[in-house]
Amino acid sequence: MLPSLRLASDLQDAPTITRHRLTQAPVRLCLVVVGEGTVSTQPLPESGTVTIGRAETNDVRIDDPSVSREHAKLYVDATIEIEDLGSANGTHVDKERILPRRRVEVRPDHVILLGSSMAIVQRSASVRPRRLWTHDYFEARIEDECERARTTRSTFAVLRLHVAGPHDGGVQRALASELSSVDVVAAYGPHEYEALLVDASPERAREVVERITLALEDLDLTTRVGLAVYPEAGTTPEALIANACEAVRAPNSPAPPGGAPVVTEDPAMRELYRVVDRIAAGTISVMLLGETGVGKEIVAEAVHQRSSRRGAPFVRLNCAALSEALLESELFGHEKGAFTGADATKPGLLETASGGTVFLDEVGELPLALQAKLLRVIDERKVLRVGGLAPRPIDVRIVSATNRDLEQEVLNRAFRADLFFRLNGISLVIPPLRKRRSEILPLVHAYVDHLSRAIGVPRPALSSDALGMLERYSWPGNIRELKNFIERAILLCTDGTIRPEHLPVEKMRATLLSAEPESPPRPDPRPRPDDDLYLDDGPEAALTVTERRERRAIVEALEACGGNQTAAAKRIGVSRRTLVSRLDKYAIPRPRKTVG
C-alpha cells in the first residue's frame with residue numbers, strides 16, 4: 001500500500017510532470033501543476049525564469065498532448081508574470097486567454113490553464129513538498145479499501161474539503177500535519193481537496209475533521225468539510241464520494257426544487273413509473289431490484305410521494321451500514337438503560353415513521369436474527385423496543401431495495417423465505433443506465449442544472465465533445481457515478497463550459513472496453529480480416545467479444561508499462577487490486593520482476 005504524503009521523487013512510478021533545472025535556492029513559492037493522471041508541486045526559484053512545456057528541456061515538463069513543446073514561461077521576481085510562447089492551445093489566466101509573447105501578472109492562487117492542464121502559483125512552507133494525488137488514483141484507492149473492508153470488517157473514512165479564497169498552501173500543510181502517513185490526499189478541484197483515512201473508526205475520523213478545521217481556522221480560512229464513513233455512508237466509491245460531497249455544498253444556496261432529477265425517456269422507465277403510480281395508492285410492500293447506483297432511493301421516494309402517506313415521514317435505513325446491535329436499535333428503538341450507552345429512551349425508525357414509509361436499503365444485508373424480528377413486526381404491526389416490555393402499534397409501509405439475488409439467498413439459507421415473501425409484495429426492476437442510453441444526456445443536463453444550483457454557481461454549458469464522451473460511456477456506477485462526474489466537472493471548468501479535460505478521460509476510455517454491446521451480434525459469424533477478436537483459439541477461446549477486448553487492453557497496458565502492474569492499472573483506469581483479479585480471470589501470466 002503506497003503512503004499518500006510522500007515526495008514525488010521518492011516514488012518508483014515516475015510522475016508525468018517532472019522537475020529538471022530549477023535552482024535549489026530557499027523556496028518561497030511553488031507551482032502546483034495538475035495534468036492528466038498526476039498532480040505535482042514544483043518549487044520555484046527566488047528570482048529568474050521557469051519554462052513550461054512538453055519538451056524534456058523545460059524546467060517544468062508536462063507530458064500532455066494539449067501542451068505545446070515550449071508552451072509558456074514564468075518570470076519570478078518581486079512579482080510573477082507569465083508569457084505564452086505561441087502555444088497551439090493557448091494559455092489562460094483566471095479564465096482570460098492571454099496574447100502570445102505578452103507578459104501578464106499572475107498572483108498566488110490564480111488558475112493558469114495550459115491547454116487542458118492546470119497550474120496554480122502558491123506560497124510554500126519551508127518544508128519539502130508532499131505528494132498530492134489525482135482524483136482518479138484517489139477513487140481507485142477507495143475501491144481497494146471497499147474490497148478490503150468487506151473482507152476484514154474494517155472501517156475507513158472519506159473527507160471532502162472546500163476552502164473559500166486564497167490559502168497560500170496552508171491547507172496542504174494542515175492536511176500533512178493532521179493525517180497519518182498511510183492516508184491519501186488528492187486534489188478534487190480548485191480550492192477543493194479530498195482525503196482517504198485508512199483504517200479510521202468513525203470516532204477517529206471525526207477527531208481528524210475537528211483538528212483540521214481548528215488548524216484552518218487559525219489561518220483565518222473559511223472551510224467546509226464533508227465526512228463519509230464506510231459502511232455507514234456507503235459501501236462503494238461512488239456512494240462515499242457522493243455523500244462526502246453532499247455535506248460540502250454551499251449551505252446558503254437555494255435548494256433545487258423537487259429533489260433529485262427524475263428522467264423517464266426510456267420506455268422501460270416510463271412503464272416502471274406507470275406501475276409506481278398504480279401501486280402507490282395501496283399499502284402493498286415494494287421491493288426494488290437493480291445494480292448499485294441505479295436510483296432505487298429515487299424510486300422509493302416516488303412511491304411515497306405519490307401515495308396518501310406523502311404528508312407523513314419518509315425515513316431511510318442502510319442495512320449494510322450498521323452492526324447488528326445498532327441496526328436493531330435503529331429499527332426498533334430502545335429503552336433507557338437497555339444496554340451500555342443507552343442513556344435515554346429512543347424510538348426506532350418504525351415508530352418515528354408512523355403513518356409514512358420506511359425505506360430499507362440493501363435489505364439483503366440484514367442478519368438472520370434481525371430478519372426474524374422484522375418478520376414478527378410486519379405480521380403483528382407492533383414493535384418492541386430493545387429492553388422494552390410492551391409492544392407498540394405501528395402503521396408504516398415498507399419499501400426495500402437490494403442488488404442481491406434474494407431468491408438465490410433464500411435457497412442458500414442466507415435470507416428467510418417468509419420474510420422475502422412479505423417484503424416482495426411487488427418487485428420493480430430498475431435497469432442499469434447503460435440499458436437506457438436515451439436517458440444519459442437528459443440526465444446529464446438535468447444534473448448540470450440541479451448541481452449548479454446546489455453548489456451555488458452559474459450553470460455551465462457542455463461542449464459537444466464532452467457530451468459525446470458522456471453518451472458513449474458505459475456507466476458501471478450508474479446514476480450515482482454520473483452525478484459525481486458532473487459535480488466535479490462543474491468545479492473544474494473555469495470558463496463556463498464543461499469540456500473533456502474536466503472529465504476523468506482515462507477512466508472513461510478504459511471502462512468503455514468493458515461496456516456491454518449495444519446492438520445484437522452481427523449476423524455474419526465469419527471474422528473480418530482485420531478483426532481477430534472473433535477467432536476461437538488460444539487463451540481467449542472461451543471469452544465473449546467484450547471480455548476479449550478487455551483482455552487485450554490489459555495485455556497491451558502491461559506491455560506498454562514494462563510489466564509494472566501499478567502503472568498498467570493507472571493506464572487503464574482501474575485499481576491495482578482490480579487489475580490483479582482480472583489477470584487471474586483472463587489467465588494472463590503475472591509479470592515477473594527483473595532481477596538486476
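On a predicted model such as this, the values are computed, not experimentally measured, just so you know.
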Ser452 (side chain) donor-acceptor with Asp449 (main chain) under 3.5 angstrom: no
Flag side-chain contact, heavy atom, 4.5 Å: Tyr193 against Arg160: no
Please test Asn478 against Glu291 for side-chain hydrogen bond (donor to acceptor under 3.5 Å, both in side chains), starting from the C-alpha separation and ending with a verdict. CA-CA 8 Å; Asn478 293 295; Glu291 296 178 5; 3.2 Å; yes
To the nearest 0.5 Å, atom CD of Glu192 lies from atom CG of Leu491 at 5.0 Å
Please lay out, stage by stage, how Asp361 and Arg316 fare under the test side chain to side chain contact (heavy atoms under 4.5 Å, CB included). CA-CA 7 Å; Asp361 197 9; Arg316 309 162 176 84; over 6 Å; no
Between atom NE2 of His450 and atom CD of Glu487, what is the distance when rounded to the nearest 0.5 Å? 9.5 Å
Is any side-chain heavy atom of Thr155 closer than 4.5 Å to one of Asp199? no
Give a yes or no on this: more than 12 heavy atoms of other residues, nucleotides or ligands lie within 6.0 Å of atom CD of Glu147. yes
Is it true that a side-chain atom of Gln371 and a backbone atom of Arg416 form a donor plus acceptor pair closer than 3.5 Å? yes
How long is the span from the CD atom in Glu232 to the OG atom in Ser323, to the nearest 0.5 Å? 10.5 Å
Could you measure the distance from the CD1 atom of Ile241 to the CD atom of Glu481? Nearest 0.5 Å is fine. 9.5 Å
Pro261 side chain near Ile298 side chain, heavy-atom distance below 4.5 Å: no
Leu161 vs Arg224, side chain to side chain contact (heavy atoms under 4.5 Å, CB included): CA-CA, chis, key distance, verdict: CA-CA 6 Å; Leu161 178 67; Arg224 295 193 300 272; over 6 Å; no
Which residue, Ile440, Leu467, Ile486, forms the side-chain contact (heavy atoms from CB on, under 4.5 Å) with His445? Leu467
Are the side chain of Arg270 and the backbone N or O of Glu265 linked by a donor-acceptor pair below 3.5 Å? yes
Looking at Glu238 and Lys483, does any basic side-chain N land under 4.0 Å from a carboxylate oxygen? no
Which atom pair, heavy atoms only, marks the closest approach of Ala414 to Leu368? O-CD2, 3.7 Å
Test side chain to side chain contact (heavy atoms under 4.5 Å, CB included) on Lys346 and Arg385; report intermediate values, then the result. CA-CA 9 Å; Lys346 176 188 173 183; Arg385 293 176 181 170; over 6 Å; no
Any donor-acceptor pair under 3.5 Å from Asn243 side chain to Ala233 backbone: yes
Between Arg309 and Asp395, does the salt bridge (Lys or Arg N to Asp or Glu O under 4.0 Å) criterion hold? Intermediate values first, please. CA-CA 10 Å; Arg309 296 173 177 264; Asp395 172 26; 2.9 Å; yes
Heavy-atom distance under 4.5 Å between the side chains of Arg148 and Ser154, does that happen here? yes
Any side-chain heavy atom of Val358 sitting closer than 4.5 Å to one from Val399? no
When every non-hydrogen atom of Val363 is compared with those of Phe415, the smallest separation belongs to O-CE1, 3.5 Å
Determine, stepwise, if the pair Ser285 / Arg397 fulfils side chain to side chain contact (heavy atoms under 4.5 Å, CB included). CA-CA 6 Å; Ser285 296; Arg397 181 184 202 167; 5.9 Å; no
Donor-acceptor pair, side chain of Trp475 and main chain of Arg437, under 3.5 angstrom: no
Hey, does the side chain of Arg480 reach the backbone of Gly295 with a donor-acceptor pair shorter than 3.5 angstrom? no
Tell me whether the count of non-hydrogen atoms from other residues, nucleotides or ligands lying under 6.0 Å of CD in Glu324 goes above 12. yes
Closest non-hydrogen atoms of Val198 and Phe156, given as atom of the first, atom of the second and distance, are CA-CB, 4.4 Å
Does the plane of the ring in Trp133 sit parallel, tilted or perpendicular to the ring in Tyr137? Use 30° and 60° as the thresholds. parallel
Side-chain (Arg499) to main-chain (Leu462) donor-acceptor, under 3.5 angstrom: no
Ala312 backbone acceptor or donor facing His304 side chain under 3.5 Å: yes
Going from OG1 on Thr223 to CD1 on Ile212, what distance comes out if it is rounded to the nearest 0.5 angstrom? 9.5 Å
Short question: side chain of Arg310, backbone of Ser307 - any donor-acceptor pair under 3.5 Å? yes
Which atom of Pro431 lies closest to which atom of Arg436, heavy atoms considered: O-NE, 2.9 Å
Quick one, Pro460 and Thr497 - any side-chain contact, counting heavy atoms below 4.5 Å? no
Using every non-hydrogen atom in the two residues, find where Ala280 and Val303 come nearest and quote the distance to one decimal. CB-O, 3.7 Å
Could you tell me which non-hydrogen atom of Ala205 sits nearest to which non-hydrogen atom of Leu227, and how far apart they are? CB-CD1, 3.8 Å
Distance, nearest 0.5 Å, that separates CD1 of Ile426 from CG of Leu428: 5.5 Å
So does Arg306 pair up with Asp277, basic N to acidic O under 4.0 Å? yes
Please report the C-alpha distance between Glu145 and Arg141 in whole Å, then the side-chain angles of each, then the deciding distance to 0.1 Å, and finally whether the salt bridge (Lys or Arg N to Asp or Glu O under 4.0 Å) criterion is met. CA-CA 6 Å; Glu145 290 303 310; Arg141 281 300 310 276; 3.6 Å; yes
Can you check whether Phe138 and Tyr188 have ring centres sitting under 6.0 Å from each other? no
With the side chain counted from C-beta on, respond yes when Ile378 and Ile398 share a heavy-atom pair under 4.5 Å apart, and no when they do not. yes
Taking C-beta and beyond as the side chain, do Arg422 and Leu375 meet within less than 4.5 Å on heavy atoms? yes
